Protein chains: 2
Amino acid sequence: MLQANNFHHALEIANVALLGSEPNCLQALFRKLPIEHLATGQSLFFEGDAAKHLFEVVEGDLRIFRIISDGRRVITGFLHAGDIVGVSLKDHYLYSAEAISDTKVRRFSRKAFEAEVSNSPELRPEIFARLRDEMAAAQDQMVLLSCKDAQERVCSFLLKLLRRHPGHCRSGAVVELPMTRLDIADYLGLTIETVSRTMTKLTNKGILVSAGRHCVRIIKYGTLVQFSGDDEYDGDGMIACAGR
Amino acid sequence: MLQANNFHHALEIANVALLGSEPNCLQALFRKLPIEHLATGQSLFFEGDAAKHLFEVVEGDLRIFRIISDGRRVITGFLHAGDIVGVSLKDHYLYSAEAISDTKVRRFSRKAFEAEVSNSPELRPEIFARLRDEMAAAQDQMVLLSCKDAQERVCSFLLKLLRRHPGHCRSGAVVELPMTRLDIADYLGLTIETVSRTMTKLTNKGILVSAGRHCVRIIKYGTLVQFSGDDEYDGDGMIACAGR
DNA sequence: CGAGGGCTTGAGCCACATCAAGAGTAGTGG
DNA sequence: CCACTACTCTTGATGTGGCTCAAGCCCTCG
């Protein structure tokens, strides 16, 4: 299932070699590892597989999702360059991960990672910070799914993408949507038709204009924020806007 | 807002005194601390407050929730005896916490807690395990809110409560529902009327019988599982059923 | 230029929300 | 002990947002 199985042994050795170096940030842990390439649609791992590795997303985007008993798919998040997947893993992956665009990742042995983190007091706060961010994102998503209507969900989603790039939180900014409408629908707990209709409505209201299938330009940022149904005030100030 | 503010200084001293003792499990950390009592409906802390403490629930139940801009409430979880609240906190509480029954808690300084965990290699895996469980629960909740219908939500909820007591996962078991219907509704993303109607329907189908306002007896456990819409198979075997 | 996949748009329907009333239960005070 | 009150829960009637089903459009790519 996991590609490049023959590759792992070499990586283990590379990981072990890193153990003495005491890197002071997570990214540094991964820096020396070879880059693996994923084509659009290719899987990184599957829900239920033994969780032997963590990954750093170097470039591109991934969707993480679960398939439920009736065959439907729930996307629980998207990952982008700079994100690390697997920090919150149990023995088995809780979800599947697939590339939604051409993507580059670095693979790290889970065992070596845990040893590394356990030995490095500098790294632990960073791990905890990422876990906390992940929890906060999950909370926000629960609020969205619990009680936002279609328009609020779509606006919240667009804002979330905007906020990944500080300085893009303003009218005139352009949002890239690397995922398909179906991905967005499965993430927002809507159908593809409702997402499409909602985008059209937002366009008719003059809040955004389409700029190709995977791109929209925000015309009225303030209105978008209002429509998102979030409180303007955020407990941690602008931290939510500064990205991870 | 937080009660017993005059009490904190003494606690800090108690916490510091613990630092030398190297406890080997989280519960042990809290064991020596005085118990604080919360009456039904009383708040433990509020969303946005500076997160200065963690709490161990010794007895009783809490709801954790957020109030959104239009005044609606989203309950993101319930806490029970043995749970620890605050492991995943940022500088400020992400949610409010209120007692839903008479509740006893122990309070631990966040700073001392972090020092303790940082000094104790035995404690860290336990912390991570709790964070992972919290993440897994959040994922499950997202799946529930994304695509389960009312009946599936209510059945999943009842099963979740049952699974807190190993051995109760069978026909004839009794489930305590310390929270109100409104709490359940706000947790499941439904209205109080829909929760009530769904419970009635399940009763009419012979799956459960009411045993007072805060108590139901499960008659057909297997059917309840089927109706919950979860896969029978769980990646980590019976772990999900063994409670925290 | 044709085929297939992704997206948009329309019509009708259904599950759940909303609105409204009434029944059951706990708590209070005389 | 009972009456009064307030709250929780249940049940019914009606409304509606988003889902389902269906068709057509628009890219992209061979």
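These figures come from a predicted structure and were not determined experimentally. Numbered from 1 within each chain, the chains take letters A, B, ... in sequence-line order.
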> When we call it a touch if two heavy atoms are under 4.0 Å apart, what does B:S196 touch: a base, just sugar-phosphate, or nothing?
Replying inline: base
>> With a 6.0 Å cut-off (strictly less than), is the heavy-atom count around NZ of B:K205, excluding the residue itself, greater than 12?
In response: yes
> To the nearest angstrom, how far is A:Q151 atom CD from D:dT16 atom P?
Replying inline: 17 Å
>> My understanding is that only one of A:L188, A:T194, A:T198 makes a side chain to side chain contact (heavy atoms under 4.5 Å, CB included) with A:R153; could you say which?
In response: A:L188
> A:R181 has a side chain; which of D:dT20, C:dC7, C:dT18 sits nearest to it?
Replying inline: C:dC7
> Under 4.0 angstrom, heavy atoms only, what part of the nucleic acid is B:G189 near: base, sugar-phosphate, or nothing?
Replying inline: sugar-phosphate
>> Side chain of B:T200 only, heavy atoms from C-beta on: which candidate in C:dT8, D:dT10, D:dC19 is closest?
In response: D:dT10
> Whole Å only: how far is the CG atom of A:L202 from the C1' atom of C:dT8?
Replying inline: 15 Å
> If we fit an axis to the first five pairs and another to the last five of the helix from C:dC1-D:dG30 to C:dG30-D:dC1, what angle do they make, to the nearest 10°?
Replying inline: 40°
>> When you measure from the side-chain N and O atoms of B:T191 to the phosphate of C:dA17, is any distance below 4.0 Å, counting only OP1 and OP2?
In response: yes
>> Centre-to-centre under 6.0 Å for A:Y93 and A:F46, is that the case here?
In response: no
> Parallel, tilted or perpendicular: which describes the rings of B:F45 and B:F55, with under 30° parallel and over 60° perpendicular?
Replying inline: parallel
> Quick one: side-chain contact (heavy atoms from CB on, under 4.5 Å) partners of A:V74, sequence neighbours excluded?
Replying inline: A:I68, A:T76, B:V143, B:S146, B:C147
>> For A:T194 and B:L182, find the nucleotide of DNA chain D closest to each by heavy atoms; which residue's nucleotide sits nearer the 5' end?
In response: B:L182
>> Starting the side chain at C-beta, find the nucleotide from D:dC9, C:dT18, D:dA22 nearest to B:H214.
In response: D:dC9
>> Going by salt bridge (charged side-chain N to carboxylate O under 4.0 Å, His left out), name the residues that satisfy it together with A:E98, two or more places apart in sequence or in a different chain.
In response: A:R63
> Taking CG from A:L190 and P from C:dC7, how many angstroms apart are they, rounded to a whole number?
Replying inline: 15 Å
> Just how far, in rounded Å, is P of D:dT10 from CG of B:L177?
Replying inline: 10 Å
>> What is the separation between atom CE on A:M179 and atom P on C:dC7, rounded to the nearest whole Å?
In response: 11 Å
> Want to settle it: does A:R197 or A:R213 sit nearer the 5' end of DNA chain C, counting the closest nucleotide to each?
Replying inline: A:R213
> Rounded to the Å, how far apart are B:I184 CD1 and D:dT8 P?
Replying inline: 13 Å
> For A:E193 and D:dG17, what is the distance between atoms CD and C1' respectively, to the nearest whole Å?
Replying inline: 14 Å
> Expressed in angstrom and rounded to an integer, what is the separation of A:M199 atom CE from C:dT8 atom P?
Replying inline: 7 Å
> side-chain contact (heavy atoms from CB on, under 4.5 Å) between A:L158 and A:L177: does it pass, once the steps are laid out?
Replying inline: CA-CA 9 Å; A:L158 292 173; A:L177 302 168; 4.0 Å; yes
